[in-house]
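Both backbone and side-chain heavy atoms feed into the values below; hydrogens, waters and symmetry mates do not.
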Amino acid sequence: MEYTVKKLATLAGVSARTLRYYDEIGILKPARINSSGYRIYGHDEVNKLQQIMFYRELGIDLDSIQQILSSPSFDQTAALEEHLENLLSKRAQLNVLIENVRKTIATKEGRLTMSDKEKFEGFKDQLIEENEQKYGEEIRSKYGNATVDKSNNKLKNMSEYQYSQAEQLGTDILSILNEAFKTGDPESELAQKTADLHRQWLSFYWDHYTKEAHAGLAQMYVEDERFTAFYDKENKGTAEFLRDAILIYTRQNKAEE
């Protein structure tokens, strides 16, 4: 079966503009262009679009998807099995969140009492899963499975107060970091305050803090473009600035390990 842009867009539930854009960036080229100048897609292109949509559903950016699909080692069956595993995991998380909402409604109506821990069931699991998908391979390679698993368990067992503290620290770090960046000096008081807040923030998630691990993570912020993009949202070079501030902090401070 062959499809024009319009027919494939209708079939897949995407816009024709999306398919044209995919053609422009090279992630999904048509099988051929017919005599009337229309893009024509065949069986292989339909399967490839399905893969793209699976990866997009999992929150993976187009550049990364293109690298995955163009890799000589790409195995479509293995990819589908991975998609299935990820989607089942997402469904399990949604089931937890649905049950959380039901319990919350029952609590509001006086039919049930929820503990503070129960109120956050599902949210933490979702955060852990998102982090695993985005950074799991790199983090586990760098720090080991045992360390990452301990960190995930620590997050799961956070109280409502601890969770809110960690969230607030994350917000404060970005705010003060952007102010510190304006000084241009990673040794400045603001920059070092940012580094110290970053240490405090890590302590909510890490089972055991070390200056070496803190410095290593800071270096990863520069080496991994995903971390760099996160910190460079407002000002290019912020990730490097944070890295430098943390390296100075970990050399100068005698934080307990």
Side-chain angles (χ1 to χ4, degrees), residues 25-27 55-56 58-68 70-71 126-145 147-148 150-152 154-155 163-257:
I25 65 175
I27 193 171
Y55 281 118
R56 291 295 286 163
L58 295 170
I60 300 175
D61 64 88
L62 288 174
D63 286 340
S64 298
I65 295 173
Q66 190 163 15
Q67 290 177 19
I68 293 168
S70 62
S71 170
Q126 188 173 25
L127 177 60
I128 289 170
E129 181 62 26
E130 288 174 355
N131 287 337
E132 284 283 358
Q133 289 178 5
K134 290 180 181 178
Y135 315 115
E137 185 176 346
E138 293 84 355
I139 297 294
R140 289 181 179 276
S141 174
K142 190 174 184 66
Y143 297 109
N145 290 330
T147 298
V148 176
K150 285 181 180 179
S151 176
N152 288 342
K154 189 171 184 180
L155 173 56
Y163 188 76
S164 64
Q165 275 190 311
E167 290 286 289
Q168 185 59 53
L169 267 175
T171 300
D172 292 344
I173 288 167
L174 291 178
S175 175
I176 297 173
L177 172 61
N178 286 322
E179 289 300 312
F181 181 77
K182 295 174 184 177
T183 70
D185 181 7
E187 291 188 86
S188 68
E189 182 179 349
L190 273 179
Q192 290 306 294
K193 180 179 179 180
T194 303
D196 185 62
L197 288 175
H198 194 268
R199 175 191 62 78
Q200 295 177 44
W201 177 74
L202 287 175
S203 295
F204 278 97
Y205 299 98
W206 284 7
D207 185 62
H208 181 64
Y209 172 87
T210 68
K211 291 179 288 184
E212 290 76 16
H214 193 182
L217 180 63
Q219 185 61 40
M220 188 185 295
Y221 286 168
V222 174
E223 294 175 351
D224 190 309
E225 61 184 14
R226 293 166 299 177
F227 285 109
T228 303
F230 174 78
Y231 285 107
D232 282 7
K233 280 180 182 177
E234 291 194 20
N235 299 293
K236 185 175 176 58
T238 303
E240 289 188 14
F241 182 86
L242 177 60
R243 186 272 313 272
D244 293 343
I246 290 173
L247 292 181
I248 292 168
Y249 177 86
T250 54
R251 284 198 298 265
Q252 293 180 349
N253 286 274
K254 304 297 181 182
E256 292 185 5
E257 301 190 359

Exercise: do D172 and S175 side chains pair donor with acceptor under 3.5 Å: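 No, no side-chain donor-acceptor contact under 3.5 Å.
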
Could you tell me which non-hydrogen atom of [X] sits nearest to which non-hydrogen atom of [Y], and how far apart they are?
X    : Y    : result
F230 : K233 : O-CG, 3.3 Å
D185 : S188 : O-OG, 2.8 Å
Y205 : W201 : CD1-O, 3.2 Å

Interatomic spacing from [atom1] in [X] to [atom2] in [Y] - rounded to 0.5 Å:
X    : Y    : atom1 : atom2 : result
Q200 : Q165 : CD    : CD    : 9.5 Å
I176 : L197 : CD1   : CG    : 5.0 Å
S203 : L169 : OG    : CG    : 9.5 Å
L62  : I27  : CG    : CD1   : 5.0 Å

Y231/L174 under side chain to side chain contact (heavy atoms under 4.5 Å, CB included): CA gap, chis, key distance, verdict: CA-CA 8 Å; Y231 285 107; L174 291 178; 3.9 Å; yes

Residues in side-chain hydrogen bond (donor to acceptor under 3.5 Å, both in side chains) contact with Q67, at least two apart in sequence or another chain: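 Once residues adjacent in sequence are excluded, Q67 has no partner under the side-chain hydrogen bond (donor to acceptor under 3.5 Å, both in side chains) criterion.
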
S164: side-chain hydrogen bond (donor to acceptor under 3.5 Å, both in side chains) partners, not counting sequence neighbours: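 Partners of S164 under the side-chain hydrogen bond (donor to acceptor under 3.5 Å, both in side chains) test: none.
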
Basic-acidic side-chain contact under 4.0 Å: D196, K193: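 Salt bridge: no.
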
Any donor-acceptor N/O pair, T228 side chain to Y221 backbone, under 3.5 Å: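 Present.
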
L202 and L217: CA distance, side-chain angles, deciding distance, side chain to side chain contact (heavy atoms under 4.5 Å, CB included) verdict: CA-CA 10 Å; L202 287 175; L217 180 63; 3.6 Å; yes

Donor-acceptor contacts, no H, no angles, side chain residues 235-246, under 3.5 Å, sequence neighbours left out:
from	atom 1	to	atom 2	distance (Å)
T238	OG1	N235	O	2.6
R243	NH1	Q219	OE1	3.2

Name of the residue among H198, R199, H214, E187 meeting side-chain hydrogen bond (donor to acceptor under 3.5 Å, both in side chains) with Y249: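 By the side-chain hydrogen bond (donor to acceptor under 3.5 Å, both in side chains) criterion, Y249 pairs with just one of H198, R199, H214, E187: R199.
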
